[in-house]
Structures are given as C-alpha cells and as structure tokens.
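What follows is a set of notes on a single structure, which appears directly below.
Every chain is numbered from 1, with letters handed out A, B, ... down the list of sequences.
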Amino acid sequence: MQLSFTPEQDAFRLEVRQWLQNHVPQTRLPSFDTEAGFALHREWERTLAKGNFGMVTWPKDYGGRGLNLIEWLIFEEEYYRAGAPGRVNQNGIFLLGPTLMEFGTDAQKARFLPAMASGDEIWAQAWSEPQAGSDLAAVATTAVRDGDHYVLNGHKIWSSRAVFADWAFVLVRTEAGSQRHKGLSLVLMDLKIEGVTVNPIPQIDGEAGFAEIFLENARVPVANRLGDEGQGWHVCMATAGFERGLMLRSPARYQEAARKLSALYLEHQDRLDPAIGRDVAQAWMNAQAYALSIYSTACRLQAGGSIGAEASCNKIFWSEMDIALHQTALAILGPYAELAEPMANNHDWLGGYLFSLAGPIYAGSNEIQRNIIAERVLGMPRG
Amino acid sequence: MQLSFTPEQDAFRLEVRQWLQNHVPQTRLPSFDTEAGFALHREWERTLAKGNFGMVTWPKDYGGRGLNLIEWLIFEEEYYRAGAPGRVNQNGIFLLGPTLMEFGTDAQKARFLPAMASGDEIWAQAWSEPQAGSDLAAVATTAVRDGDHYVLNGHKIWSSRAVFADWAFVLVRTEAGSQRHKGLSLVLMDLKIEGVTVNPIPQIDGEAGFAEIFLENARVPVANRLGDEGQGWHVCMATAGFERGLMLRSPARYQEAARKLSALYLEHQDRLDPAIGRDVAQAWMNAQAYALSIYSTACRLQAGGSIGAEASCNKIFWSEMDIALHQTALAILGPYAELAEPMANNHDWLGGYLFSLAGPIYAGSNEIQRNIIAERVLGMPRG
Amino acid sequence: MDFAFAEEQRAIAEVVSSLLTDQCTGADLRRLMDSGQTHDAARWNALMELGLSGILVPEDKGGLGLSETDFVLVARACGHAALPEPLVEQAGVVIPLLAALDHPRAEEWLQKALAGEAVIALAHPVNPFVCGAENADALLLVQDGQLHLVARNQVQMDTHASIDPFRRLSTVTATLTAETVVAEASVCAPLLAQTLERATVFAAAQCLGLAERSVELAVAYANERTQFGKPIGTYQAVKHLLATAQVKIEFARPVIYAAAAEIGANNALSRARASHAKLAAVEAASLAARTSIQVHGAMGYSWEVDVHFLLKRGLALGGSWGDETFHRARVLACALSSPAADSGFAFTASKDTLAHAA
Amino acid sequence: MDFAFAEEQRAIAEVVSSLLTDQCTGADLRRLMDSGQTHDAARWNALMELGLSGILVPEDKGGLGLSETDFVLVARACGHAALPEPLVEQAGVVIPLLAALDHPRAEEWLQKALAGEAVIALAHPVNPFVCGAENADALLLVQDGQLHLVARNQVQMDTHASIDPFRRLSTVTATLTAETVVAEASVCAPLLAQTLERATVFAAAQCLGLAERSVELAVAYANERTQFGKPIGTYQAVKHLLATAQVKIEFARPVIYAAAAEIGANNALSRARASHAKLAAVEAASLAARTSIQVHGAMGYSWEVDVHFLLKRGLALGGSWGDETFHRARVLACALSSPAADSGFAFTASKDTLAHAA
C-alpha cells in the first residue's frame, strides 16, 4: 500500500492544471440543455479536443491519451478544481465510445469515433420507452429489415441530450415477436433524418435535459447496427456496466462540492445553528470516503481485477451523498435557497439539489441496486 | 378544538400526584426480570391495587377506576413523572384483562380478574413458537381433548414475564391437522402444573425477560379456554389490537425520557459537540408529537371513533424515536456510556438503549407495520 | 380537552378544497406557468367570493371573528393544491395584522383587502425578501421599528425569480415619512411577533397539504404503473418508502393543529410548538416530494407530473418565515428551559394544580 | 499510488483469523462469559505464540519493524471474532509506545511484553477509564505531563463492569515519584498523541470487523429462516436493510485502510482521516449490529446468537479513544481549515507540484 503519487503523476497533474488555467472560460457557460449553452459546450469540447484533453481515457489509437485510471482521477480532480464546464459529450466519452471500440466494426470506428472525439457529433442515448423504464427488456420499438436498411417505429423517452444532439444510439427489437431480452439490437441513428421527431421534456429545473423521440418509418442503414443482430441486450449491458461502474461519477465533483460547502459554511457560520457544522463535516467525510473507495477500486482494476456488484454500492452512496450535501447547502442559505438564480459569486446550489434528486432514479434505481447488493454481494436468495 | 384540561381533570391529576408522592418507593427497584425484582414489583402492584391505582382503565365493575382515555393519559404522565416502577402486570392490564372482559365467561371473569387486579396472579403471554414468529398462524402446539381437559404438547418461545409469572395465556391448535389461522384456540394455563417446563432466555441486557416453555402432556381444563374452540386467531387478533394500538405505549414515558435527556445535555453541554443539541431538540419534538398524536387519537376514540391501521404509524414512530433518543444519550455520555451500572444519579440510559432495540421487532415488526400502512392506510396492492 | 375540529371548521375547508379541485388542477397550474404570470385573476376572484378574507378579523372590523383553528385546514387545502394566489398570506397573515392597527389609513386598506379589491404585501423583518410585492396594491414596511403603509406606486423594488414558478421575491425600498407610519415601535413589535407565529403555523399547514398530495400522487402512480409485469406498488421497497413518508405526515399533523389552537397563549411553549410544527411539516413535505419523485421514476423528474410544483413550494416555504436555524433554536431553548418542571408534558395543567402540588 | 495490501500483509491477518475461527467461536465466548472471566489464558498464549506482539516495534528493539498497514487487517480480524483478549491494545497500541521510550525500566517491561510474559495497561488521558487494568502486570500512567510506569501491585483501582462482558473499566491511582517516570513531558506529549492515532485507527479496524460479522450472521440467518413459507431473505425489506448496512461498511473500509497507511504523515489531514475512520466504522458497526438484531427478530434480542457480543463491543469502542464529539471536531476543523486550497482532494500531491502551480 502506497498512497502517494509518483513524480510522473505529479507532472501530469501540473500539465493539466496549467492547460486548464489557460483555457477554461472565465464565465460560467449557460446550461447545455439550452440551445445557446449546447453550442458553447460543443465549442468547449472542440477546445478540449485540440488540447488533446477531450477523450483522455480513450486509447491513443482512437485519438485519446490512453490515461490509466489513476491518471484519469488526477485529470478529473484538476478539471473540477478549475471549474471547467460540464461535458456535453459525456455519452460519447463514457458510454458509446467504449462500446464502439468493443463492438464496432473497423468501418464504424473510423466513421464515428473521430467526430465524437472532436465534438463535431454529439450523441444521445435512446433506450427507455414509456413502458420500459427500470424494466428495459420490455422495449417495443421495432426495426424491420428492408434491404440495406432497418425501418424504425416506436416511441423512446428520457433520452438525455437528444434535444440538441446529432446522433443517438437506439435500442430496438429487430426480431418480430421476440420476447424480453431476446431479439434486441442496438443501432446508431442520425437524429436529423426523416421520420424522427424529437420533443423536449422539461425537467424539474425547467430545462430540456430529456427528450422523447418518435420514430415513424425512420430508415437506418443496417451498416449502423452495433454488434450482431439480436445482441442488443448484451451490448447494452456492457454499456450499462461502464455507466454504472466507475466511469460515470468521478469523485472529484463531490470533493469540489464539499470544498465549496465548507466555504459556504464558513461564510455564514455566525448566524447558523452550529448543528449544521456536523452536516458539513459529514459531507467532507462522504466525499473523501467516495474518493478513497474509487482510488481503491481503480488500483484493483489496474492490477487486473474487475468491477462487480460493488458498483451498486457506489451508486447508492454517491446519489445519497449528493442529495444530503445539497440539502445542507440549502439549509445554510435558508431564505436565499429558493432564488432561481444564485446570488453573486455563489455556486448554483439549488440547481445542484434538483439535479441530485434524479440520482436515486437513473442509471438503475437505488431500489434495484439494493436488490443487486443483497443478491450478488451478500448472496441472498432471489424473491 | 379545546386543548386544556377541565377542573375535574386537574383535580384528578393532583390526586394521582399526591398519592404517588406518598407511595412510590424511594429507591429504584431491581429489574422485574430478576427473582428479587419480580417479587418487589409484585408488591408494588399490590400497593397500587390497594390505592385503587392498579387497573385504572378497567371498568369499575371489574375493580378498576373506569378512567376514560384522557384521564388515563393524565395518570400515565403523573406515573412517569413520579418515577414509579415499571408494571410487571402489564400483560394483565392491557392484554389479557380486556380480552377476558370481551371473550371470557362470567365464571372466568370471576375467577381470574380479581387476582389479576390485585397482583396476586401475574400473567405471561405464550403465543410465539420457534417456527411461528412474525408468522403466528404457523403455530404447531397441539391441544387434544381428553374428557374435561386439553392435553398440550409443544414448544413456546419469547414468552415475556414467563420466568416468574403464575399463569400464561397460550395459543394452541385444538383441531388436529388444521391449517394456518383455522383450528386455533386460546387457553389459560397455570404455569406451575405438571408437564410445563419454563426455561429463561437471557436477553441482550443479561436479564431473563423472555422464556421458552416446553409443554409435555400438560393438562388444562376445557373450562379455561377463552372464547369458542377454533376462535383462537380471532381472540388473539383482538388482543393484538389492544397491544399494537393506543394502549401499550403511553406517551408519558417518552416525554419523561426527553425531559431527562434535556437535563443530561444541560449537565454536559460545555464539553459537547453543539450538534448534539439538534438531537436533543429532535427528541423533545418527537416526544411532543407522539403525545399530541395520542391525545388526538384518544379524543377521537372517546367521541366514538375506532383505531385502525394508523396504529401501525404509532408503532414505527415510537420504536424509532426510542432508539434515537437513547443513542443521543449515549453520545452525550461518550466514554461513560458503556458502564453496565449508571453513574450516580444517572438514568439507566444504556439499559434503555438495549431495551429500545427490541422496539422494531416485537408487537409486529416494523417491516410488517410498513406493509400495513401501505396497504390499509394508503391503499396499495398486496404483493 | 378536545382535539377534534368542529363540523363548521371542516365545512369551511371543504368549500375551499372543492373550489381548488375544480379550478386549481395541475393543468391550471401548467397553463398559468406557461403564461409567465404568478396569479390567476379569475381564481382569485372566486376565492374572494367565498368571503374568507376576514376570517381572522374581529366582527366589529368587518370580519368573521374566527380563530386560527378555523383557518388552519384552509391553509392545508391551499398547500394541497399548491395554490399560486396568496389566500393564506392575505387572510391568514396580512389582513389580521392590518385589522390590529389602530390607524385610519390601515382601516381604509383593510376594507379594500376585505372586499377583495386590494392585496397588501408585508415586508416582515424575518424575511429578507417580500413575496408577491409586484402584484400588491400596497405594502407594509418596517423601518426603525415603526410600521409604514405605502401604496405600490411609492416604492421601488428589485425582483428575483424563485424556483417556485408562482413566487417572485422582491427587495423593496421607499421613502418613508411620518405620514406613512401606521404603528409606532411599541405597538409594532408585538404585532410583528404575533404575525410571525401565524405565518409560521400556516406555512406549516400548507406544507402538510403539500406532503399529503405528494404521497397521494405517488400512490396513484404506483398502483397503476407496471414494471416487470406487476404494479410497482406491489413491491415492498416502494411500499416502505411511502409508508415512511406517511409516518412523517401523521406525526406532523397533530403538532400543526395544536400549534394553531395554542397560538393565543403566546408563551415559550406555544412558540416552540409553532416552530416544531414548521420544522416537522417542512421535513414531511420535503421527504414526501422526494419520495414521490423517486416512485415516479424519470417521470417524476419531469414537468409531466405535478410533484415538482409541490417540491418547489415546500422548498420556498422552508426558507420563509424563519429557516431551520431560527426555528430549531426556539425549540431547543424551550426543551432546555426548565426540564425539571412540567414542561415535558404536551399540555400544561392549570396553574392551580401546579400550585397545589408544589 | 497503490491501494492494495501485499500478499504477506494478507497472510499475517489470515493466520490470526484462522486461529480465531478455531478458538474464538460464539461457544467459546459464551463459556468465558459464564466463567465470569474476561480473558482466556490458553487463547492468549496461542496468540502470543504467533509472534505478533512486536509487529510495530523496530527490529533493533526486538520487534518485526513493520507498520500500521501490516497490522490493520489483524485488528479487523480481532473485531470480527469479538476477541476478548487485548491483542490489538498490546501489539497495536501499548507495546509500540513502550518501544518508543528511552528508559531502562521501559525496556525491561518491553521485553516481557514482547515475550508474552506481561500485559501492560495504559491510562491515556483521552480515556476516563483504563480498560483491562485488573489483568495487567504493569501500568503506564500520566501525571503532570510525565509518563510513569508502575507495577500492578503499586496501584489502587476502582473497577466497574462494562456492558461488554469482556471489558472491565478501572480508575487507577498510585503514588508516583521521580523513580517511576519513564518519559518527561516534552517526550511524552508527542508519544501520547501518536498512540492516540494508532489506537483510533485500530479501534476503527475492529469496528469494521464487527460490522462485517454482524451482516454475515444476519445473511446466514435470513437465508435459512422461513416465515410465511419462504426464507425471510427473499423479502425486499430484509434485503434492503442489509444492503444499506453493507453500503456503510464498503465506505468505511477504504477510509480505515488509508488512515493506517497515512498515520506517519502526522498532519491535520492524517488526523482527520483517523477520526473519519473511527466515526464511519463505529457507525457501520452500530447500524450493522442493530440491523442484524432486527433481522434475527426476537432471537437477535437474546443471548442465543452472537450479535449481542458485536453490538456491545461496538458500543464500548465507540466511546473509547475519543468519542463522537472529539473526532467530529477534528474532522470539521480539517474540512474548514483551508477550503480554498487542495485540501479537498483525497491525497495531497507533492509539495513541488503545488509550488510550481502557485
């Protein structure tokens, strides 16, 4: 056990820090769930790509930096410390990129990965349907073969980024009459083609982070199928593994939030119930514990281990920590908490709180995660 | 809505207060789960009976005072305020007494109620079995008719007070081969007869609050059956209604505990994390809320209402409040918390904590109570 | 000792509740939100026609001369509907304050307010912002301890959006003179204190309504929505989440009702009770809304269901009329004030009893 | 950066764990409890024969010269078994302190302790009681900042029972003179501080073992026990209770390991880490034990199952070596110390990096 960074790791940190100091926009960008904000975030993705800081975890062959996990954690720490913009490209970086590398043909990789890396094509996820939420195997959208194309019909919902994105990866039923996990395929679809209608769904914060997508005879080339026909469930689960596992939620965001919470508390301490100090200390501990756990897992993975059901523990922990941390911030703000726009110089605690409320729901609800922990970590019987 | 006491109620409070001032033992009695403590608590029951303060909620016809619910709450407030001993007769007062009055024959009432009221016969409950805990309908103890007697065979467990008690009310299967709720009967059994073996089960606090009872051809007169043959489940559920409802847990004990917690906090405040003040305030609020809720229910019942599934809310609330309150006390005591005997003048917070841990388990586990709330209060479907 | 509401008290709330069930549906709220307005004139007029504006005003001042207990169920009904218009603030908070002022200008505005012809906003010192100042016809402002009453056109305001689409938060400035005074400091202070108690209890009652509605919406959804082949309401995890929220509600409710009934006592216990009511109700509303969002899944995080209105109103009320710090301090002070005395009881026995026993 | 234990580190713990699986079963604990004793001589001798008493003692003083990271898994194993004998206190806390003293009498007792021939108890100022003083052969006492070492027969003690059947708590008095001094104040203070850090981390590690064992017992019971015709472990409510406890455990574990590895840094972050480790581990142990009791039903509330040993040990360790107030204050101080700097990170980058970037 050796809990310090190597000189090379320190040097990399310094490189990241200095590049970010020179490039991070001076003012906070508008939300990427607005049209203007989306364009500005796309620009930021292009800036990152030019500095080769866009897809840092991708292999060098695909235009990434090939960072190992510890280096990625260092990158993330510096990224959040610098207050850099959120990643509108997140679906590409963490979900579709790795999936393409694993399941894509050479032609698909050549066609899609460079534009994904450069920020020229931003990707949406289109899996859920009104009757297929937690129960994803209930997908009903059909893709019927017609020559070199699939003809898609159906109704996708809760599609993140889809309002302004260019492409989507869509889970469809390619085998007519197939049941549950069987007969599904994953296809890559241009969102601008005929037969595709994207309607924003206003979120709790008033922004259009989600969309529903209506597919009416939308024609997608068979060449855009990712993986074998009928293997869609398998490909999705691999992707979900990336999503639910280490990748989606880096610890740096929570450490940065806990640091800001400490600062907020210090600023208002005089007029506050001292009991709130306990919540601030707890937020600091939670962020530290999460970071240590992720560093620990990263070391294990680098040594050849694999991530299993304990990822469900991560999901529960960060989602609950995130809500508690923001509740503490709102308690500190008291009557100022309800302001739709934060007061001068303040972090957007309210927006963060509303965002945190989605945590227990998405990427596998916390109820499902608790079942997974009980059954796969603790070895309890299925119900 | 009129939240103050009548002059008659105030006068009754004064009468209780003065009687208790003159009669409550000066020193704390040893636990009634020890032999010596049991005897002393039985003496206290006799003292109460002499002052006609034993079975205050029983009708006057049965030797009680016929107090209405509000008067009972006043009595309880004074009782806890005076630091009077715990009621070793609790099974009789709240469970078997009311059940006897509802289901007993005149002969049974005449035989059992006076001795119960006087403290001369202390009662135990003998329902659970090793394979019938939360699932009480799985009772396997048999009672086979032989002339004027039932012959009992089986193994009862978690029988409270049974180690030193005189009599038990026992749930048995009187119909051979009957299933689940059917074919059960409730019988009143002398614990000193042949064929009855009572073994204490040490509790977490080291005392023998529970016993297991082995029945080997124990002969109980048919005349001691309570209710009709095969009606045992019905009688039990009525009894459980008393137990789970308003009766078992008077608010006064929590208000007294919260008051003592405030005093403990004041005593140690200087060296404590001020955040503990929040827990003290919460304990005070919980005790108040519980009392207000019980007063509210009592008023509704007196106006002819009935208590329903909301009793499950009470059970969850008091059991969780009790644990939290005692955890706060232990946090205040810090390194002194583990002392088996409390320091001079201190309340036995540790004993109270251990006792509180049984709260979520007995009288219907909190898991079962949550199902009841969801299904019967909120109208959600059965699983 | 009687903890029940009278038939008439329930009837008054039922009238309001019926009106809101008709005229304050989720669709109504969404239409108002889309319009960018915070108030609906038709609904406000309908509410005013119920004649409740003077419910807490003495009869000799033109009111109904009723008490807080008569209004608390109305406030709960307004919370249940997430009503945008300021019925609770006007009838429950500002109008009773106006009625307590002994000044001709106050009397003049009181009559307008009672008639539903004017809305008056109050800049209470406990709140850093005035809610609804934009829509007000006149404002009550405090300066150097004195209470001033000024018409809307005499004030400047800086207005911010709230996360609640039906609230606007203003900081208000005005040139205040001896002419604008309606109460001297010695009169003003106790009136503002009394007003704070009422506002606290009625905010709590609204939060109770919010919490109850959140659970109702979640239960309706859980009983209907199927996943893995059965309604999600059959899963124990979903049941237990909602049961836990329901327990919070059940143990906030009697505290709120007692706080309303005891408000006149104006002592440390009644103030602690009001604070307790608000803390418990805000917590119940927050937990119920979050639970409801969780039970609704992604749907709950969208504007498609009404829960977000409830969440936001609860959040706004949580910080208004004293935040957690403010109210917890009042509770702790009471809990620690005299733990050796009878203060541990829910209700104080009469002084005579205590005197006898001492 | 490497967060893994070395093969040998796991092997050492495995040896202890195997021995305890054999010789420290629930039946063994119950037998010892019934005897009224707190220590079992045969088990203690067997543990001493493993040769771990000097694990943290430098080689030139006769020890193994290993570090806290080499011992933390042993402490966890001792917690897992609820071991009555003071292996953690001796090898992890007192013997390293003795070894750091530069005094012939300390050296003499050190050699006895290393050989398993003596047990030394420490009256650390953070603890109001000395645990295990009755069974000690000598005691380390602090007076006026100086550290004294006295034989058992030179002290008077007043001993209290603990809720943990294997602990006795003593207050100790002795006539201390210049002859009994083994460290002057200037030397003593930093050594006591260092000892506190070790004791804190190893108490946390024991609590981790307690928590893990509590969950194991509950899972085994839930998978076997049937109610309403199926194992209670199939019920979602039971699963979720245990999953919640498991999450607490998973996020205490790396903190404890990091605290052991960083102990040598002896700075505000390492001290906050040790405090965090203890707070998190005590909370995990408490929740896991309570959950396990609840899953066991009435059985869990009896002495029939081993959970009560785990609950009581966790309760005792929670108040030892600094209680919640003590450790939370250290965490909060660190969290608030310099929130604008790099303190938010889990690990501090080297000073050079920071200097460059500044």
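- Taken from SG in B:Cys313 to NZ in C:Lys248, the straight-line distance is 12.0 Å, to the nearest 0.5 Å.
- Nearest heavy atoms, B:Leu266 versus C:Leu336: CD1-O, 3.5 Å.
- Atoms CD and OH, on C:Glu250 and B:Tyr290 in that order, are 13.0 Å from each other to the nearest 0.5 Å.
- The part of C:Ala222 that comes within reach of chain B is its side chain, from C-beta onward, which places non-hydrogen atoms under 4.5 angstrom from that chain.
- You'll find the ring centres of B:Tyr295 and C:Phe3 outside the 6.0 Å limit.
- In terms of modelled atom types and a separation under 3.5 Å, the side chain of C:Lys239 and the main chain of B:Pro381 share a donor-acceptor contact.
- Rounded to the nearest 0.5 Å, atoms CE (B:Met285) and CZ (C:Phe251) are 15.0 Å apart.
- Considering all non-hydrogen atoms of both residues, B:Leu378 and C:Ala243 come closest at CD1-N, 4.3 Å.
- Residues C:Arg273 and B:Gln288 have side chains that bring a donor and an acceptor to within less than 3.5 angstrom of each other.
- Considering OG1 of C:Thr244 and CD1 of B:Ile373, their distance stands at 7.5 Å, rounded to 0.5 Å.
- Looking at C:Val238 and B:Met380, their side chains come closer than 4.5 Å, going by heavy atoms from C-beta outward.
- Between C:Tyr257 and B:Leu292, the closest side-chain pair of non-hydrogen atoms is not below 4.5 Å.
- When each of B:Gln302, B:Gln9, B:Met1 is tested with C:Met1 by the rule side chain to side chain contact (heavy atoms under 4.5 Å, CB included), just one qualifies, namely B:Gln9.
- Note on B:Ser296, B:Gly379, B:Ala374: by heavy-atom pairs under 4.5 Å with chain C, the leading option is B:Ser296.
- Under the 4.5 Å side-chain criterion, counting only non-hydrogen atoms from C-beta, B:Asn371 is in contact with C:His240.
- C:Thr234 and B:Arg382 share no side-chain donor-acceptor pair at under 3.5 Å.
- Nearest approach of C:Asp2 to B:Leu3, heavy atoms of both residues: O-CD2, 3.7 Å.
- The part of B:Tyr265 that comes within reach of chain C is its side chain, from C-beta onward, which places non-hydrogen atoms under 4.5 angstrom from that chain.
- Closest approach of C:Ala335 and B:Ser262 over heavy atoms only: O-OG, 3.0 Å.
- Atom CG of C:Leu279 and atom CZ of B:Arg278 lie 10.5 Å apart (nearest 0.5 Å).
- In terms of heavy-atom proximity, C:Pro254 sits nearest to B:Ala289 at CG-O, 4.4 Å.
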